[in-house]
Each structure stands twice: as C-alpha cells, then as structure tokens.
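Worksheet: the structure to be examined is printed underneath.
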Amino acid sequence: MSEAVTPRSQDYAAWYIEVIQRAELVDYGPVKGTMVIKPYGYALWENIRDQLDRRFKATGHQNAYFPMFIPYSFIQKEAEHVEGFSPELALVTHAGGKELEEPLVVRPTSETIINFMFEKWVKSYRDLPLLINQWANVVRWELRPRPFLRTTEFLWQEGHTAHATPEEAEEETLRMLDVYVDFVYNEAAIPVIQGRKSDNEKFAGATRTYTIEAMMGDGKALQAGTSHNLGQNFSKAFGTRFLTQDGTLEHPWQTSWGVSTRMVGGVIMTHGDDKGLVLPPRLAPVQAIIVPIWKNDTEKAAVKEMVLRVEQALIAAGVRAKADLSEQETAGWKFNEYEMRGVPLRIEIGPKDVEKQAVVFARRDRPGKEGKQFGIPADDVGRVATEWLADIQQSLLQRAIQFRDSNIVDVEDREQFAQVIANGQWARAWWAGTGTDERKLKDETGATLRCFPLSQPGGTGRCFLTGAEATEVAVFAKAY
RNA sequence: CGGCGUGUAGCGCAGCCCGGUAGCGCACUACGUUCGGGACGUAGGGGUCGCAGGUUCAAAUCCUGCCACGCCGACCA
C-alpha cells in the first residue's frame with residue numbers, strides 16, 4: 001500500500017481493479033467469479049440498500065424472503081425464461097448424501113418460485129395489487145466475471161408485483177423505474193438515460209423491459225437497474241388466476257424490478273479519478289475524516305482534544321465523521337489514503353489550528369489547493385460540513401451530467417456511428433432495424449442498443465442503418 | 001469454449017535460458033528519531049517456489065501431465 005494507484009486516465013481497467021482492492025471494498029473469493037465484500041464496501045452497499053428500501057416502502061411495498069433453492073421444473077415453465085437462463089444456472093444434484101430426484105436450481109432470479117407462491121395467495125381482485133420486494137443473493141454462472149459488475153453470486157433486491165389490469169402493471173413498472181431514477185440522481189449522483197430495451201436485450205420472460213443506463217468514466221454504458229413488465233407470462237405459466245369484480249377469471253399482470261451490487265461498481269466508475277475513489281457524500285460510509293497533525297506531546301494533547309471535540313460536533317450535526325488518531329502513519333500518508341478511499345471531506349487540525357480555534361477543510365472532488373479552505377471556525381464545523389457535503393453531492397452530479405451530455409452524439413449514418421463508438425462515446429440515432437441488425441452492428445462495432453430513451457424527439461426519421469422510416473431514436477454504446 | 005499470458009512471502013516482482021544455501025521492494029514486528037501532502041535508521045519474523053509424476057548425486061530451474069487465475073473474444077444484473 002505504498003504507491004499510488006495506476007491513474008484512471010492511464011489504464012481504466014487496471015485502475016478499477018486496483019482501487020477496489022486498495023480501498024478495501026472487495027477481495028476475491030476462492031471460487032472463480034466470487035467476491036468478498038469487505039466492511040468498507042459493504043457499508044457502501046448498506047447505504048445504497050437503505051436508500052432504496054426506504055423508497056420501496058414509501059411506494060407501498062413490503063419485504064419478504066423466498067427460498068434460494070428452486071425446483072428445476074419451475075424454471076422450465078416459461079419458455080423464454082428457461083432459454084435465457086439455462087446457460088448460467090447452478091444446479092444442486094446431490095444433497096443429504098444422495099442424488100436428488102429432481103435437481104434444484106440456485107436462484108438466478110425468483111420469478112418462478114414467487115409465482116408458485118402467488119398462485120396460492122391470489123384468489124380475488126381484493127388480493128391485488130400484491131407488492132413484494134426481496135433482498136437476496138442470486139447466482140448466475142458467469143464466464144467472465146468482474147468484481148461488482150459481473151460476479152457469479154451477487155446481492156440485489158428484486159421487486160415482484162401482481163396487478164388486476166395491464167395498465168396497472170405498466171404503471172408500476174414505470175413507477176419503479178422512476179424510483180431508481182430518483183435514487184441514482186439524488187443519492188448516487190449518477191445521471192442516467194432511462195429507456196426501453198429492445199427485444200434482443202429485454203429480460204428473458206418479460207413483455208417489456210425498462211432500464212436506466214449510466215455512462216462510466218471510460219464512456220462505457222452500465223445497465224444500472226431494470227424494471228420489467230412481465231405481462232401474464234408467469235401467471236399463465238403458473239396458473240395464477242383471480243376472480244374479477246364482475247366474476248370472471250383472469251391471470252394477473254405482473255412486474256419485477258431489480259438493482260444489484262453492480263450499483264457499487266457504477267458509483268466507483270462514475271465518480272472516481274486518478275487518485276482513486278470519489279464517493280458521493282450521501283452514500284459515503286465516512287463523510288468526513290479528521291486528520292490530526294502534531295510534532296510533540298504538548299501539541300499532541302491539545303490537537304487530540306480539539307479533534308475529538310470537532311468529531312463530536314460533526315456527529316451531533318448528523319455527519320458521518322471519523323477521527324484518525326492512529327500514530328502509525330504520518331498526516332501526509334493519511335491525506336493520500338483517504339483520498340484513495342474517496343472520503344468526500346477531510347478536516348485537518350494541527351497546532352496552528354488549535355491556536356486559532358479553527359480547522360482546515362479539503363474537499364475530495366476538487367484536488368489540491370483549490371479544494372482547500374483554511375480558518376473555518378471550530379464552532380461552525382457542523383454547519384459548514386453539512387453545507388460542503390451538500391455542495392459536493394451537487395457538484396458530482398453536475399459534473400457527471402456534463403460528462404454524459406457531452407459524450408452522446410447524434411449520428412446519421414454508419415460511418416459516423418462507427419466513429420463515435422470507436423471514440424468511446426454513445427451514439428444516438430433513428431432506428432428501425434431488426435434484432436439481426438443489432439447483432440450485426442455489435443459484431444462490427446462492439447456497440448449494443450442500450451435503450452430507446454423515454455424522452456423522444458417526436459416525429460419520424462430515417463434509420464441510420466437501414467434507411468427505413470423510423471419512429472424512435474435509440475442509444476447505442478459499448479457496455480459492461 | 002477459442003486466442004494470448006501468468007502461477008516464487010500478505011502485495012508487486014527477480015531468479016529459470018546455463019540445475020548446486022530462495023532473493024529484492026513494499027507491507028508486518030520491536031526500539032529510537034520524525035510528523036502542515038505517501039518519513040528515516042537499526043534489529044527482526046514470515047516461503048510445501050500452483051499440483052502430480054519423471055530425469056539427476058542434486059530441480060524454483062530440465063521433461064511430461066494436470067489445475068488455477070488474468071486479459072482479449074462468444075453470453076450476461
């Protein structure tokens with residue numbers, strides 16, 4: 001831990017791998033594709049989780065927990081679903097010292113087992129809407145894992161709802177997409193493009209998938225959350241029916257929606273810089289780190305006293321503050337260490353500050369002198385820190401929006417498209433192509449159709465690939 | 001599953017061609033000096049050299065097989 005990380009600007013992939021390990025977010029597990037989320041990384045995930053959970057409850061959802069083992073036959077009930085998930089299933093074939101009569105699937109997602117239960121629970125329109133969320137781990141056997149972004153086992157939430165009408169289901173699907181949008185902007189400071197997935201890219205078993213797509217620091221797209229309108233696909237497969245108000249039987253219309261530990265990767269890759277992590281204050285496990293500076297025991301006593309007093313004042317003001325009084329490292333070492341760990345605000349307190357009863361503030365989002373302010377009265381730290389944190393949160397969002405907007409380019413023909421993609425940017429264009437066209441485009445340029453943005457220009461245009469008349473524009477990019 | 005790499009101390013690596021006491025930097029432990037942007041000195045601790053065979057008086061080093069991991073592709077929250 002002696003050297004700085006590889007600068008982000010120099011080698012993005014190396015930077016990511018180094019930062020997540022050096023900042024102690026994560027460690028590799030013994031099985032390929034598995035990761036250990038270490039306390040600092042888990043604290044970040046807990047903040048993400050809590051902020052999402054709060055919003056789910058506020059929109060009327062209840063948490064529940066469904067089993068991790070799913071009978072293999074369940075997965076097979078929905079044709080598209082089984083086709084989509086088969087290659088990445090982990091199967092339990094032996095247990096209790098014997099071969100099982102029917103293999104069990106370690107859940108890759110819970111639509112099937114939840115619908116098996118819904119079939120028992122839903123009898124009447126009075127049982128609807130049924131609004132359930134589950135926090136759980138899921139397993140998808142990945143061929144090419146990357147910590148947080150794509151791991152064999154990951155943590156997530158999966159919402160599962162059932163409704164009496166297709167309109168209600170569609171409303172719910174979009175409502176939860178909005179919840180995600182609200183979360184990423186206001187908590188994670190990550191701007192996104194919200195839109196609808198193409199048939200190629202939609203969830204296996206959904207009639208329609210909506211997504212939030214975030215732009216990472218290297219220009220690649222990250223699908224940061226999805227919300228699916230499942231139609232009646234699963235309720236039909238599982239025979240779930242309810243009696244309507246007019247006495248007829250109907251299959252309920254359903255939704256599912258999820259955000260995973262991938263979001264942690266999104267936070268890292270949206271805000272990080274050459275020196276390491278940059279965490280948005282609202283999600284940062286530690287919002288303010290207090291670093292003391294002293295030369296001798298006399299200074300030490302006075303500095304220490306003030307450091308603890310400032311720490312208490314910050315905590316009283318609702319700031320997640322921590323004082324680092326360890327004597328193993330120098331102040332300079334700590335400065336660099338906490339910058340690497342992305343702590344939004346650093347407070348320096350030395351003998352000169354004790355004398356003036358003032359402290360030094362340094363903000364992580366603006367490196368060096370520019371982000372440093374001397375002489376902040378010790379009595380004001382709570383108020384000023386709160387203001388600074390709010391300002392840092394805003395600046396991070398504004399910077400990310402600026403970055404996103406300046407890297408989405410409207411293109412009109414193939415040549416321009418290829419150029420924009422090769423340049424690491426996103427291409428936006430009229431699109432009337434087929435799934436086959438999408439695949440061809442990916443083979444040629446590496447870009448995939450990320451989504452049809454919900455915000456459309458209106459009218460019609462010429463498809464940049466086929467020249468046919470198109471009614472929608474789509475956004476294309478290389479993706480994680 | 002295809003292509004290319006890499007496995008030696010917690011991490012990063014050298015040693016392998018040309019077999020002969022397993023090394024370097026960081027980290028770790030102790031003590032002292034330091035301390036407003038990654039300090040220094042002295043003394044220490046730590047290794048089945050990925051695994052299994054083979055060749056040899058002797059293998060990290062040569063030979064054979066296997067395994068794992070990483071990067072690039074096909075698949076994905």
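Just so we're clear, the structure is a prediction, and the values are computed from it rather than from any experiment. Here is the naming used below: chain letters follow the sequence lines, and residue numbers restart at 1 for every chain.
Between A:T330 and B:A39 there is a side-chain N or O to OP1 or OP2 distance below 4.0 Å. Between A:K442 and B:C75 there is a side-chain polar atom (N or O) within less than 4.0 angstrom of OP1 or OP2.
Distance check on atom C1': B:G25 versus B:A14 gives 10 Å, rounded to whole Å. Taking the P atom of each, B:C63 and B:A59 are spaced 16 Å apart, rounded to whole Å. B:G20 sits 11 Å from B:C62 when the P atoms are compared, rounded to a whole Å. Nucleotides B:C35 and B:G47 have their P atoms positioned 37 Å apart, rounded to a whole Å. Comparing the same atom, C1', in B:U8 and in B:U61 gives a spacing of 11 Å after rounding to whole Å. For B:G73 and B:A27, the C1' atoms lie 37 Å apart once the distance is rounded to whole Å. Distance check on atom P: B:G7 versus B:C17 gives 15 Å, rounded to whole Å. For the P atom pair drawn from B:A52 and B:C67, the interatomic distance equals 15 Å after rounding to whole Å.
Picking from B:A77, B:G38, B:G37 the nucleotide with the shortest atom distance to the side chain of A:R150 gives B:A77. Closest approach to the A:E339 side chain among B:A77, B:G38, B:G37 is made by B:G37 (side chain taken as heavy atoms from C-beta onward). Looking at the side chain of A:I293, the nearest of the listed nucleotides B:C35, B:G37, B:C76 is B:C35. For A:E142, the side-chain atoms get nearest to B:A77 when compared with the rest of B:G37, B:G36, B:A77. Across B:G36, B:A77, B:G37, the shortest atom-to-atom separation from the side chain of A:R262 is found for B:A77. The side chain of A:S260 lies closest to B:A77, out of B:A77, B:G38, B:G37.
Atom CG of A:N200 is separated from atom C1' of B:C76 by 13 Å (rounded to the nearest Å). Regarding A:I17, its CD1 atom lies at a distance of 12 Å from the P atom of B:G12, rounded to whole Å. As a whole-Å value, the separation of A:R346 CZ from B:G38 P is 12 Å. If you take CZ of A:F374 and C1' of B:G36, they are 8 Å apart, rounded to a whole angstrom. The CD atom of A:E24 sits 15 Å away from the P atom of B:A27 (whole-angstrom rounding). The interatomic distance linking A:E327 (CD) with B:A30 (P) rounds to 13 Å, in whole Å. At whole-Å resolution of the value, NZ in A:K334 and C1' in B:A39 are 14 Å apart. Atoms CZ (A:R146) and C1' (B:G73) sit 15 Å apart, rounded to a whole Å.
Here the closest heavy-atom approach between residue A:I75 and residue A:H81 is recorded as O-CD2, 4.2 Å.
In the interface, the side chain of A:K372 is paired with the base of B:G37 through a donor and an acceptor atom under 3.5 Å apart. Interface remark: the A:E329 side chain does not form any donor-acceptor pair with the B:G38 base, using a distance-only criterion of under 3.5 Å.
A salt bridge does not link A:R363 with A:E370: none of the charged nitrogens is closer than 4.0 Å to a carboxylate oxygen.
Ring pair A:W431/A:F476: centre-to-centre distance below 6.0 Å.
The aromatic ring of A:W156 is not stacked on the base of B:A77, since the criterion of ring centres less than 5.5 Å apart with planes inclined by under 30° is not met.
Within 4.0 Å of A:T151, counting heavy atoms only, lies at least one base atom of the nucleic acid. Counting non-hydrogen atoms under 4.0 angstrom, A:V360 reaches a base of the nucleic acid. Looking at heavy-atom distances under 4.0 Å, A:R439 makes no contact with the nucleic acid at all. Counting any heavy atom pair closer than 4.0 Å across all strands shown, A:G258 reaches no nucleic acid atom.
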May I have the step-by-step check of salt bridge (Lys or Arg N to Asp or Glu O under 4.0 Å) for A:K202 and A:E80, ending in yes or no?
CA-CA 11 Å; A:K202 77 176 169 57; A:E80 256 187 62; 2.9 Å; yes
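Taking a pair to require two hydrogen-bonding distances under 3.5 Å in either a Watson-Crick or a G-U wobble arrangement, B:C40 pairs with B:G32. When both distances must be under 3.5 Å, the Watson-Crick or G-U wobble mate of B:G47 does not exist. Using Watson-Crick or G-U wobble geometry with both donor-acceptor distances under 3.5 Å, B:A68 finds its partner in B:U6.
Screening A:V359, A:L325, A:I293, A:V291 against A:V307 for a side chain to side chain contact (heavy atoms under 4.5 Å, CB included) leaves a single residue, A:L325.
Side chain of A:N115 to backbone of A:T112: no donor-acceptor contact under 3.5 angstrom is found. A donor-acceptor contact shorter than 3.5 Å is absent between the side chain of A:Y480 and the backbone of A:Q223.
Using modelled atom types, one finds no donor on one side chain facing an acceptor on the other under 3.5 Å when comparing A:R309 with A:Q312.
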